[in-house]
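Notes follow the structure.
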Number of protein chains: 2
Amino acid sequence: MKLSYFYVAADVPDGIIPESSVVIDVLRATTTIAWALENGADSVQVFADVDELKNQAKTFDSKEKILVGERGGKKLDGFDLGNSPLGVSSESVKGKRVFMSTTNGTRSLHRVRESKSLYTMALPNRKAIAERLKSDNPKEVWIVGSGWEGSYSLEDSLAAGALASLLMDQLESVQIVNDELMASIALWKNWENDVEGCLRIASHGQRLAGIGNHDDDFACCASLDNLSVIPKQIEMGVLRSN
Amino acid sequence: MKLSYFYVAADVPDGIIPESSVVIDVLRATTTIAWALENGADSVQVFADVDELKNQAKTFDSKEKILVGERGGKKLDGFDLGNSPLGVSSESVKGKRVFMSTTNGTRSLHRVRESKSLYTMALPNRKAIAERLKSDNPKEVWIVGSGWEGSYSLEDSLAAGALASLLMDQLESVQIVNDELMASIALWKNWENDVEGCLRIASHGQRLAGIGNHDDDFACCASLDNLSVIPKQIEMGVLRSN
């Protein structure tokens, strides 16, 4: 199994359709996706554009949907919840389509939308995704970070390194294809005993802390291997536990 | 002293002129620049374009110049030496202008050419550059990797982390500004006891090994703090020991 990691959507090679892709947005989109599906949401649909989200959401009955999104730490107008993984409780999301506004994560999902298998991963469901990859056994997996406005992010790379490290421990056939993933494995080795510390020094972590107390979000996003949910793309931009 | 690291030239922000910049191309341009100047070259001028190099070199008397460049492991036609740091011996370069063909390094040097102070660094002169930065004491330093054809490189990031780690150990005022440099510090911590091993697993290291035996080049490029030379830009694209 050949593993590559691309820091952001723009780094993903053109003109090749990957067999298997894993999109990561630790702070906080893919953590929130994991928790929403774990808590019984029917599915999560991601949008970079708020108006497009609102238009799509109109086609759903109000009992069958919930709108999730924020800007600058504040819930978006007309939305039900902010972007915190703590918000998507069972009471809020059970049986519903979650319409989620998330710029960076959507860009990366869109970039590898044609993958035969497309999963989203965060730290809580790292092991679950690793197990699924072992079972799928694709020849090649592209791991794609989301970053922040096109720039590298520490926390997504940490999670990419965490996934690769686990697969390397468990599968002899794993090959690390690019420098980006080698660097991310070193990042994981350096921080694996203080995952939350890494999230907090990351520039996006500092940005979150700067707009209010996000202690519970940090703890939630830094939790490792505590969810068994496997979010998989079932149609363009829509993820379901699978 | 605020330190930022940009993986490749394209990541460097537009429209700002940095006070101080350090350009890194471990395999092998900035290692060869360091050795050429250490061995008494008058100066090194870098070129991305071979024809431009040849045109510029014409203005120099044959005794005052030496042409350095290779493609695919072979010396370029009409050139005196390949790109190895082992080639730029005192006998070859003393008192001469070294005209060096190097695509990736030139791009990064060009990107920060307006810096008030612009240095090139490799692992052998890491400590020398750190000492100079401490003495210059700029408010902000941009470290710029060269990568490979626009992509991230492990070995340049390792060296960026090595420089930042040393400065952090010695200066209380150091602030690590971006995620790229935080990740590179973790990379350095992971590999500092096997620098050559890191260079060899890097994709550019593998590329070098694939075109012939480069054992001596690896050993030379992986040497740490054994040169006191400080290559500084004296005019656009021209470096002199300073």
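Chain letters run A, B, ... following the sequence lines, proteins first, then strands; residues in each count from 1.
Looking at B:Ser153, both its backbone and its side chain come within 4.5 Å of chain A, counting heavy atoms on both sides. If you measure heavy-atom distances from A:Ile201 to chain B, the contacts under 4.5 Å come from both the backbone and the side chain. Using a 4.5 Å cut-off between heavy atoms, A:Asp179 touches chain B through backbone and side chain atoms alike.
Salt bridge present: A:Asp215 and A:Arg200 bring a charged side-chain N and a carboxylate O closer than 4.0 Å.
Of all heavy-atom pairs between A:Val23 and A:Ser146, the closest is CG1-OG, 4.2 Å.
You'll find the ring centres of A:Tyr7 and B:Tyr7 inside the 6.0 Å limit.
Sparse packing is recorded around NZ of B:Lys2, with 12 or fewer heavy atoms of other residues, nucleotides or ligands lying under 6.0 Å away.
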